[in-house]
Amino acid sequence: MSDGKDILSRSTDPAILQMIAKAEKMGVTTVWDRYDAMTPQCGFAETGLCCRHCLQGPCRINPFGDEPKTGICGASADVMVARGIDRAIAAGTAAHSGHARHLAHTMLKMAEGKTRDYKVKDVEKLKAVATRLNIPVKGRKENEIALDVAKAALADFHEKDTPVLWAATVVTPGRVKVLTDLGLVPKGIDHEVSDIMHRTLYGVDADAVNLLLAGLRCSVADLAGCYMGTDLADILFGTPKPIVTEANLGVIKADAVNIAVHGHNPVLSDVIVSVAKEMEKEAKAAGASDINLVGICCTGNEVMMRHTIPACTHSVSQEMAIMNGALDAMVVDYQCIMPSLVTVAECMGTTIVTTMDICKISGATHVDFSEEAASEKAKETIRIAIKNFSNRAKRAVDIPNIKTPVVSGFSVEAIVAALSKLDAKDPLKPLVDNIKAGNIRGVCLFAGCNNVKVPQDRNFTVMARKLLKKNVLVVATGCGAGALMRHGFMNPANVDELCGDGLKAVLTAIGKANNLGGPLPPVLHMGSCVDNSRAVALSVAVANYLRVDTDKLPVVASAAEAVSEKAVSIGAYAVAAGLPTHVGVMLPVLGSPLVTQVLTEKVKDLTGGYFIVDLDPDSSAEKVLNAIEARRAGLGLG
């Protein structure tokens with residue numbers, strides 16, 4: 001446990017600080033306590049110089065001492081570090097593509113008539129995706145097209161003679177050539193993950209540069225998985241349009257049955273939203289005012305942007321959603337779910353409900369989800385929460401009275417539609433003209449998670465504040481979006497305070513043209529982790545408009561508080577796409593000067609992209625701004 005001063009260094013969110021203090025008082029161990037107990041952390045592992053890939057290890061290399069300079073097998077520090085970063089990329093790719101495969105199987109079952117709870121919600125998106133994949137649409141029924149799209153998606157996972165469609169068809173023609181010339185076009189999503197696991201096995205690839213190129217190829221497969229996940233979710237659940245909602249712990253209601261949906265996949269949570277409306281009578285019979293759904297992490301992002309479901313918190317503070325004592329159930333699917341939730345839930349009377357075979361947690365209640373019985377399973381989970389409400393109805397709760405307005409749901413389609421109000425015939429022209437004129441200096445995508453090593457949200461908010469004042473258009477996904485929304489960066493009322501004059505004028509003009517009565521929000525929320533593909537799609541559209549490749553654009557990415565291996569794979573595909581990519585926590589690569597140099601410098605000569613690793617948000621913002629200005633100069637823009 002820590003003292004009050006230490007608590008203030010754990011988060012910049014006042015609602016979370018209130019719950020941390022409560023946990024301290026009750027003796028409930030949190031992620032911050034476990035981090036403190038784990039320090040000092042292993043210096044070998046932090047630099048990437050720890051290998052346990054065979055049973056002769058673990059091996060470690062000390063770059064500063066007289067200890068052995070190779071592992072037992074003879075692997076050098078460069079090889080050890082490259083193998084480690086490759087495995088992180090493969091794990092991230094497996095996670096994002098697993099999400100996409102789940103959606104593909106759901107679409108396949110829907111198209112074959114095996115489910116009754118799913119249908120095509122966005123026919124135009126279905127036809128657009130099918131056309132991009134060269135699947136016929138004219139004169140065909142929706143389910144016929146959907147069946148072919150689902151089959152094409154599943155085919156992209158396996159090794160084949162033709163390129164992965166969700167990679168080759170979503171980048172610029174120039175980027176296809178770059179990736180082809182470098183041998184970075186994936187042969188199959190699963191194939192690339194398997195290839196990394198093979199080549200990093202004991203006694204296989206021992207050339208650090210060759211390993212890193214394979215990692216980049218695997219990251220392009222991750223881009224395919226992310227893009228596929230976005231496409232299929234939009235088709236099945238609807239392409240997001242701007243909506244108004246709220247964020248932070250104050251969205252939880254003392255008199256309601258409160259259910260948090262947490263994880264990364266909307267296949268169950270979208271059905272829970274629909275079924276909850278049907279079950280309000282049962283909740284009211286138990287004495288509740290209604291059923292109140294709230295979101296956590298990327299499942300929260302998915303239901304927020306499609307159904308206005310508010311977000312209660314994100315990532316590192318997920319335990320704090322339980323500490324208020326009013327959460328009746330947390331329903332989880334997979335990814336970024338702390339096993340510790342069960343322990344905290346036991347203290348507060350909440351039930352953790354797992355729903356997927358690949359994500360069971362000891363001590364949780366498991367409801368075995370299937371698409372064929374989606375609504376029945378959704379009702380089963382909701383009834384668990386209603387029963388819990390009956391048990392806790394007379395207990396005191398402690399809900400922080402803190403929440404902020406959020407405008408969410410800026411898909412690329414929504415952005416183009418908003419721009420079309422300024423120029424119906426050429427909707428990208430106003431955006432490009434303002435970039436050329438300098439009213440928008442460039443674009444920054446904030447992505448990734450919160451890391452317990454960083455005071456929660458600090459890096460995101462410090463960097464975003466500096467970039468917005470310098471007229472950089474900021475878009476955000478995942479828990480990076482969650483950090484910014486909880487601090488008011490997605491509230492249009494804060495445009496005057498946060499944005500420079502040029503950006504303010506652009507956001508105001510678009511808002512007025514769309515009859516919003518005011519500007520767009522300072523930061524545009526683009527969705528969940530897989531929806532980083534939306535930022536790629538927007539970049540590709542602008543690059544094609546300008547007839548350049550994406551490595552020429554004043555566009556950058558930042559995982560300012562990265563934690564998951566998914567963030568590593570996303571960062572790698574951003575670099576493969578030609579973008580300067582900032583990471584605000586240390587990657588485990590410093591043990592190899594060669595790997596560090598390749599990732600931060602030499603890869604720029606290959607793909608145009610490169611990593612910027614800087615733990616200080618102020619200097620990070622300056623480096624990101626310098627990268628944007630260098631790109632502007634390269635395009636001849638002042």
Side-chain angles (χ1 to χ4, degrees), residues 171-175 410-447 463-477 489 495 498-514 519-526 532-558 574 577-582 608-609 612 621-638:
V171 296
T172 63
R175 190 61 13 183
F410 287 93
S411 61
V412 175
E413 291 86 348
I415 292 171
V416 172
L419 290 170
S420 71
K421 300 296 183 181
L422 296 174
D423 191 330
K425 292 183 179 179
D426 195 0
L428 284 180
K429 187 174 186 297
L431 175 61
V432 173
D433 284 351
N434 276 289
I435 291 173
K436 289 180 177 179
N439 293 322
I440 296 174
R441 302 302 295 176
V443 181
C444 179
L445 163 67
F446 280 109
M463 290 185 68
R465 196 174 295 274
K466 282 181 171 288
L467 295 178
L468 290 168
K469 278 296 183 184
K470 294 293 186 178
N471 297 307
V472 173
L473 177 64
V474 175
V475 300
T477 60
F489 284 79
V495 163
L498 293 172
C499 298
D501 290 340
L503 180 60
K504 186 192 309 180
V506 175
L507 296 175
T508 301
I510 298 173
K512 287 183 176 179
N514 284 269
L520 297 182
V523 174
L524 304 185
H525 177 270
M526 298 194 85
N532 285 299
S533 61
R534 298 193 200 277
V536 173
L538 183 61
S539 299
V540 168
V542 171
N544 285 336
Y545 188 95
L546 291 171
R547 297 181 181 178
V548 299
D549 197 1
T550 44
D551 67 331
K552 303 297 189 295
L553 296 178
V555 176
V556 296
S558 173
L579 305 183
T581 302
H582 166 254
I612 301 167
E622 290 300 321
K623 290 175 182 177
V624 165
L625 285 166
N626 290 340
I628 286 172
E629 293 304 322
R631 293 293 178 91
R632 290 185 65 85
L635 289 171
L637 304 178

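Just so it is clear, the model here is predicted, and its values are computed rather than measured.
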Shortest non-hydrogen contact from L468 toward L498:
CB-O, 3.3 Å
Could you measure the distance from the CG atom of L635 to the CG atom of L553? Nearest 0.5 Å is fine.
7.0 Å
Check salt bridge (charged side-chain N to carboxylate O under 4.0 Å, His left out) between D423 and all other residues, then give those that pass, not counting sequence neighbours.
none
Go through the steps to decide whether R631 and L637 satisfy the test side chain to side chain contact (heavy atoms under 4.5 Å, CB included), and finish with yes or no.
CA-CA 9 Å; R631 293 293 178 91; L637 304 178; over 6 Å; no
Within a strict 4.5 Å, meaning less than it, do heavy atoms of the V536 and N532 side chains meet?
no
By side-chain hydrogen bond (donor to acceptor under 3.5 Å, both in side chains), which residues pair with D433, not counting sequence neighbours?
K429
Should V474 and M463 be marked as a side chain to side chain contact (heavy atoms under 4.5 Å, CB included) after you check the CA-CA gap, both sets of side-chain angles, and the distance that decides it?
CA-CA 10 Å; V474 175; M463 290 185 68; over 6 Å; no
Interatomic spacing from CG in L467 to CD1 in I628 - rounded to 0.5 Å
6.0 Å
Correct closest heavy-atom pair for P580 and V555 would be CD-O, 3.5 Å
Using 0.5 Å steps for rounding, measure from the NZ atom of K504 to the SG atom of C499.
8.0 Å
For R175 and T550, the nearest pair of non-hydrogen atoms, with its separation, is NE-OG1, 3.9 Å
Determine, step by step, whether K436 and V432 satisfy the side chain to side chain contact (heavy atoms under 4.5 Å, CB included) criterion, reporting the C-alpha distance in whole Å, the side-chain angles of both residues, the deciding distance to 0.1 Å, and the verdict.
CA-CA 6 Å; K436 289 180 177 179; V432 173; 3.7 Å; yes
Results of salt bridge (charged side-chain N to carboxylate O under 4.0 Å, His left out) for R441 - residues two or more places apart only
E629
Are any of the side-chain heavy atoms of V472 and K466 separated by less than 4.5 Å?
no
Under 3.5 Å, is there a donor-acceptor pair between the D549 and T172 side chains?
yes
What pairs with N471 under side-chain hydrogen bond (donor to acceptor under 3.5 Å, both in side chains), at least two apart in sequence or on another chain?
none
Determine whether M526 and I415 make a side-chain contact, defined as any pair of heavy atoms from C-beta on separated by less than 4.5 Å.
yes
Do you know which two heavy atoms are closest between P173 and N544, and how far apart they sit?
CD-OD1, 3.7 Å
K421: which residues meet the salt bridge (charged side-chain N to carboxylate O under 4.0 Å, His left out) condition with it, sequence neighbours left out?
none
Return the CG to CG distance between L431 and N439, rounded to the nearest 0.5 Å.
11.0 Å
At what distance, to the nearest 0.5 angstrom, does OG of S539 lie from CZ of R534?
14.0 Å
CG/L503 to OG1/T508 distance, rounded to the nearest 0.5 angstrom?
9.0 Å
Identify the heavy atoms of A418 and I510 that sit nearest to each other, and give their distance.
CB-CG2, 3.9 Å
Who are the salt bridge (charged side-chain N to carboxylate O under 4.0 Å, His left out) partners of K470, not counting sequence neighbours?
none
Apply side chain to side chain contact (heavy atoms under 4.5 Å, CB included) to L538 and F410, showing your working.
CA-CA 11 Å; L538 183 61; F410 287 93; over 6 Å; no
Nearest non-hydrogen partners of P521 and L507, listed with the distance:
O-CD1, 3.7 Å
